[in-house]
Protein chains: 2
Amino acid sequence: MYRIGELADLCEVKADTLRFYEKHGLLSPSSRTDSGYRVYTDADAARLRFILRAKAVGFTLSEISELLSIDLDKSNWACADVKGMVDLKLAQVQAKIAELLHFQTSLQSLSDACCGGPRSAEHCSILEALESSTERVRVEHDHGATDCTTTLDKSGN
Amino acid sequence: MYRIGELADLCEVKADTLRFYEKHGLLSPSSRTDSGYRVYTDADAARLRFILRAKAVGFTLSEISELLSIDLDKSNWACADVKGMVDLKLAQVQAKIAELLHFQTSLQSLSDACCGGPRSAEHCSILEALESSTERVRVEHDHGATDCTTTLDKSGN
DNA sequence: ATAAACCTTAGAGCCTACTCCAAGGTCAAG
DNA sequence: CTTGACCTTGGAGTAGGCTCTAAGGTTTAT
Ligand SMILES: [Zn+2]
Ligand SMILES: [Zn+2]
Ligand SMILES: [Zn+2]
Ligand SMILES: [Zn+2]
């Protein structure tokens with residue numbers, strides 16, 4: 001039996017978070033004291049850990065709701081249903097990774113092209129690339145050099 | 001000179017988006033017709049393309065605001081400032097990628113362990129793993145087999 | 001002249017997951 | 001019997017980027 005703050009400390013979340021989960025139907029305390037304090041059982045704690053583990057693999061709270069209701073009614077669901085949810089989430093995660101890898105590549109080539117020095121940004125190839133995308137990013141030389149405008153493939157070679 | 005819908009079509013965004021950008025100080029039309037219609041110039045269109053390119057490498061609108069004001073006042077900024085923004089964003093993107101790769105690995109090992117078949121989820125190792133994390137995920141055999149409980153390293157070997 | 005297609009505004013709504021606040025009730029220690 | 005730590009509620013705020021609505025004005029083509 002835990003009060004809200006105890007369970008929160010135990011699982012390293014805030015009491016506010018537990019109230020939030022309750023409001024959204026994820027986790028309700030099994031009972032209340034006479035004065036209205038929430039009282040959580042070990043089963044409630046286990047449910048909270050289920051939620052936190054599912055969060056840790058990337059599920060949203062509404063997906064976790066679904067997983068929780070499947071978990072409470074396993075005999076009416078098949079492995080295919082559960083695996084389907086995991087595979088769908090996996091596909092979403094992979095799509096997001098692909099997008100971010102694209103960002104990473106572009107940012108890296110912008111970064112590589114810029115000298116990063118203290119001179120005026122008037123010659124900055126990052127700004128230039130954003131102003132008019134040429135699919136090639138002009139590389140700034142080490143400064144002190146006279147010429148500052150060699151071209152280079154966006155991939156950074 | 002473009003009306004809002006024309007510029008929107010030209011750049012494949014919605015007119016609402018342009019109004020939104022205006023409200024947030026990113027892009028204001030250079031003038032208005034007598035009847036109050038927004039009128040965008042080629043310079044405005046160029047600014048919009050700057051915004052879209054910056055979005056395409058992962059910057060948020062408030063970061064783009066900053067980039068735009070630097071771009072309009074280049075002589076008072078250094079390459080270091082611009083590169084700093086790019087490198088910061090790069091670090092954020094990489095951190096997010098790392099998190100998602102972690103999700104990916106976990107989801108993949110959950111998926112691999114589950115038979116995905118039509119039988120009751122009562123034996124599902126995904127649910128089992130979420131119920132009580134053991135750092136190992138039980139692998140379900142191909143069904144039809146008698147035994148369904150070999151253990152396996154989370155990495156999938 | 002009229003209908004379709006366009007434009008205007010202010011403001012609300014959506015999504016995710018909290019996080020914080022105010023105003024007040026409860027409980028154990030000293 | 002007071003202090004301080006804890007708890008209660010409802011509701012607002014945050015970030016990010018739109019998206020939509022209502023109620024009306026303008027332009028263009030037929
Ligand atoms: Zn430079
Ligand atoms: Zn530069
Ligand atoms: Zn199975
Ligand atoms: Zn399964």
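Letters A, B, ... are given to chains in the order of the sequence lines, protein chains preceding strands, and every chain is numbered from 1.
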Inset, instruction - Please test A/V39 against A/R32 for side chain to side chain contact (heavy atoms under 4.5 Å, CB included), starting from the C-alpha separation and ending with a verdict. - result: CA-CA 5 Å; A/V39 175; A/R32 298 271 185 144; 5.7 Å; no

Inset, instruction - Given salt bridge (Lys or Arg N to Asp or Glu O under 4.0 Å), test B/K74 with A/E131 step by step and report yes or no. - result: CA-CA 13 Å; B/K74 290 180 183 178; A/E131 283 161 18; 2.7 Å; yes

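Between the CG atom of A/L18 and the P atom of C/dC20 there is a distance of 15 Å, rounded to whole Å. Rounding to whole angstrom units, CD of residue B/E6 and P of C/dA5 are separated by 16 Å. Atom-to-atom, CD of B/E22 to C1' of C/dT8 comes out at 11 Å; the value is rounded to the nearest Å. In this structure, A/I51 atom CD1 and C/dA17 atom P are separated by 12 Å, rounded to whole Å. Going from atom CD1 of A/I64 over to atom P of C/dC15 covers 17 Å, rounded to whole Å. Remark: C1' of C/dT9 and OH of B/Y37 are 13 Å apart, rounded to the nearest angstrom. Taking atom CG on A/D9 and atom P on D/dC7, their separation rounds to 8 Å, with Å as the unit. Distance, B/D34 CG to D/dG25 C1': 14 Å, rounded to whole Å.
A donor atom on one side chain and an acceptor atom on the other are not found under 3.5 Å apart for A/S28 and A/E22. Residues A/S109 and A/D112 have side chains that never bring a donor and an acceptor to within less than 3.5 angstrom of each other. Judged by distance alone, the side chains of A/Y2 and A/D44 never bring a donor and an acceptor atom under 3.5 Å apart. For the residue pair B/S111 and B/Q108, no side-chain donor N or O sits within less than 3.5 Å of a side-chain acceptor on the partner.
Side-chain contact between B/E6 and B/L10 is absent, with no heavy-atom pair separated by less than 4.5 Å. Taking 4.5 Å as the limit, some side-chain heavy atom of A/R49 sits within range of a side-chain heavy atom of A/R53.
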Using nucleotides 9-13 of chain D, report all nitrogen or oxygen pairs with the protein that are shorter than 3.5 Å.
from: D/dT9; atom 1: OP1; to: A/R32; atom 2: NH1; distance (Å): 3.2
from: D/dT9; atom 1: OP1; to: A/R32; atom 2: NH2; distance (Å): 3.4
from: D/dT9; atom 1: OP2; to: A/R38; atom 2: NH1; distance (Å): 2.9
from: D/dT9; atom 1: OP2; to: A/R38; atom 2: NH2; distance (Å): 2.6

What pairs of nitrogen or oxygen atoms, one from the protein and one from nucleotides 14-17 of chain D, lie under 3.5 Å apart?
from: D/dG17; atom 1: OP2; to: B/L61; atom 2: N; distance (Å): 2.9

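Between atom OG of residue A/S120 and atom CG of residue B/N76 there is a gap of 8.0 Å, rounded to the nearest 0.5 Å.
Along DNA chain D, the nucleotide nearest to A/I4 and the one nearest to B/T33 differ in position, and the one closer to the 5' end is contacted by A/I4.
At least one side-chain nitrogen or oxygen of B/S35 sits closer than 4.0 Å to the OP1 or OP2 atom of D/dT27.
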